[in-house]
*Asks:* 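To start, I am sharing the structure in question, which I have written as structure tokens.
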Number of protein chains: 2
Amino acid sequence: MNTLLTAFSALSDATRFSIVEQLMQDGELPAGDLIEGRGMSGAAISRHLKVLRAAGLVQQRVQGSQRMYSIQTAGLRAIAEWTISKRQFWENSLDRLNDLIERENSWPN
Amino acid sequence: MNTLLTAFSALSDATRFSIVEQLMQDGELPAGDLIEGRGMSGAAISRHLKVLRAAGLVQQRVQGSQRMYSIQTAGLRAIAEWTISKRQFWENSLDRLNDLIERENSWPN
DNA sequence: CCTTTATTTAACAATAATGTTAAACAATGG
DNA sequence: CCATTGTTTAACATTATTGTTAAATAAAGG
């Protein structure tokens, strides 16, 4: 699978998305801190982290017996680049066809 | 599931992603045109379209016996807004921690 | 060394996603 | 009306995803 689709896939899971948000907020955290408060086993979180790593969304470094996790820019950048390249489709939301259809679909049939 | 995660999920499938790209390129197309060239049954594509619709990524209008599909801005916008709100994580890729870890991980151990 | 702490991997069960074919529907044209 | 065309839904099999617990690994401390 390509980078972009892998990133989308990784972020489509609520647990993984929340891990990414937490790392964005807090910077760098040991796996243990990412397990806490998620009502899920450490094993499950560990595997989510593996998926995020494979998607280039987080990175790991070893510090003693801990694995420190932090955001990696690659995955995000893939999404950002695609999003920006399709700017026209969300920037000017008031496009002709869009409007037409929105009006049609709201007709009381 | 919330809008953003649903959009990520919908786009994480290669077939659906390619449908979105085709509609971005071509504007509005009947379902039949979206089926062609994808080596998959019409039923399968129809269900992918349903997922894309539920995710606010495409919209449908009825024209005679055809269903015309086109891009809807809602889903895209959810992704764009999130991406932009996290700008700092992909814009300045040369952040301190990122660099440190990238160097560590490339050590020949 | 041996135990504890931190984290990952393996094996497995439950659920979700995806494709197939067949049947259902709806509009169109004889 | 009835057959045809365009598309969706249903039923089903296959494969993927996700969580669980138990076992494996690895560093740290006594």
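Chain letters run A, B, ... following the sequence lines, proteins first and then strands; every chain starts at 1.
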*Asks:* Is B/W90 reaching over with its side chain to a backbone N or O of A/I79, donor-acceptor style, under 3.5 angstrom?
*Replies:*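 Here the side-chain-to-backbone pair does not exist.
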*Asks:* Between A/T15 and A/G64, just flag the one whose closest nucleotide in DNA chain D comes earlier from the 5' side.
*Replies:*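 Whichever sits nearer the 5' end wins; that is A/T15.
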*Asks:* Do B/L52 and B/L29 share a hydrophobic cluster, counting only Ile, Leu, Val, Met, Phe, Trp and Tyr and linking them when any side-chain heavy atoms are less than 4.5 Å apart?
*Replies:*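 Shared cluster, yes.
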*Asks:* Starting at CG of A/L29 and ending at P of C/dT7, how long is that distance when rounded to a whole Å?
*Replies:*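 In whole Å, C/dT7 P and A/L29 CG are 11 Å from each other.
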*Asks:* May I ask you to test the A/E81-A/T3 pair for a side-chain heavy-atom distance under 4.5 Å?
*Replies:*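 With C-beta onward as the side chain, the pair stays apart.
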*Asks:* Compare the minimum distances between each of C/dT7, D/dT8, C/dT18 and the side chain of A/R67, then state the nucleotide with the smallest one.
*Replies:*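 My answer, after comparing the listed nucleotides, is C/dT7.
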*Asks:* Round to a whole Å and report the spacing from CE of B/M40 to P of C/dT20.
*Replies:*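 B/M40 atom CE is separated from C/dT20 atom P by 7 Å.
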*Asks:* Once you round it to whole Å, what is the distance between P of D/dG6 and CG of B/L34?
*Replies:*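 That distance rounds to 14 Å.
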*Asks:* With respect to the phosphate group of D/dT8, does any side-chain polar atom (N or O) of B/Q60 fall under 4.0 Å of OP1 or OP2?
*Replies:*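 So the side-chain polar atoms of B/Q60 do come within 4.0 Å of the phosphate oxygens OP1 or OP2 of D/dT8, strictly under.
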*Asks:* A/R53 CZ to C/dT9 C1': how many Å, rounded?
*Replies:*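 About 12 Å, once rounded to whole Å.
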*Asks:* Find which nucleotide of DNA chain D each of B/I35 and A/I45 is nearest to by heavy atoms, and output the residue with the more 5' nucleotide.
*Replies:*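 Nearer the 5' end of the strand: B/I35.
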*Asks:* Does A/H48 place a side-chain N or O at less than 4.0 Å from the phosphate oxygens OP1/OP2 of D/dT17?
*Replies:*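 The answer is no; no side-chain N or O of A/H48 sits under 4.0 Å from OP1 or OP2.
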*Asks:* For B/R38, report the nucleic acid contact type (base, sugar-phosphate, nothing); a contact means any heavy atom under 4.0 Å.
*Replies:*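 Since no nucleic acid heavy atom lies under 4.0 Å of B/R38, the category is nothing.
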*Asks:* Consider the side chain of B/R47, meaning its heavy atoms from C-beta on, and name the nucleotide among D/dA22, D/dA11, D/dG19 that approaches it most closely.
*Replies:*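 Selected nucleotide: D/dA11.
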*Asks:* Would you mind classifying the nucleic acid contact of B/A44 as base, sugar-phosphate or nothing, using non-hydrogen atoms under 4.0 angstrom?
*Replies:*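 Base contact.
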*Asks:* Out of C/dT8, D/dT21, D/dG19, which has the shortest distance to the side chain of A/S41?
*Replies:*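 Shortest atom-to-atom distance from the side chain points to D/dT21.
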*Asks:* Hey, can you tell me if A/F17 and B/F8 have their rings parallel, tilted or perpendicular (30° and 60° cut-offs)?
*Replies:*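 If you compare the ring of A/F17 with that of B/F8, the planes turn out tilted.
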*Asks:* Which value, rounded to the nearest 0.5 Å, describes the distance between A/S18 atom OG and A/L11 atom CG?
*Replies:*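 Nearest 0.5 Å value for the OG-CG distance: 11.0 Å.
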*Asks:* In this structure, how many angstroms lie between the P atom of D/dT7 and the CE atom of B/M68, rounded?
*Replies:*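 In whole Å, D/dT7 P lies 9 Å from B/M68 CE.
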*Asks:* Evaluate B/R53 against B/Y69 for side-chain contact (heavy atoms from CB on, under 4.5 Å), listing each step before the verdict.
*Replies:* CA-CA 9 Å; B/R53 245 182 294 140; B/Y69 282 93; 3.1 Å; yes
*Asks:* Could you tell me the separation between the CG atom of B/L52 and the C1' atom of D/dT8, rounded to a whole number of Å?
*Replies:*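 Nearest whole value for this atom pair: 15 Å.
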*Asks:* Reckon A/G42 touches a base, only the sugar-phosphate, or nothing at all at heavy-atom distances under 4.0 Å?
*Replies:*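 The answer is base, as A/G42 lies within the cut-off (heavy atoms under 4.0 Å) of a base atom.
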*Asks:* Measure the distance from CG on B/L49 to P on C/dG19 and round it to the nearest whole Å.
*Replies:*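 Computing the B/L49:CG to C/dG19:P distance gives 12 Å.
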*Asks:* Closer than 4.0 Å, any side-chain N/O of B/S46 to the OP1 or OP2 of D/dT8?
*Replies:*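 Looking at the OP1 and OP2 atoms of D/dT8, one of them is under 4.0 Å from a side-chain N or O of B/S46.
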*Asks:* Look at the side chain of A/Y69 and decide which nucleotide, out of C/dA11, D/dT7, C/dT8, has an atom nearest to it.
*Replies:*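 Selected nucleotide (nearest to the side chain): C/dT8.
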*Asks:* Between C1' on C/dA6 and CZ on A/R61, what's the gap in Å once rounded to a whole number?
*Replies:*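 These atoms are roughly 15 Å apart.
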*Asks:* Could you tell me whether the phosphate oxygens of C/dT8, OP1 or OP2, come under 4.0 Å of any side-chain nitrogen or oxygen in A/K50?
*Replies:*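 So the side-chain polar atoms of A/K50 never come under 4.0 Å of the phosphate oxygens OP1 or OP2 of C/dT8.
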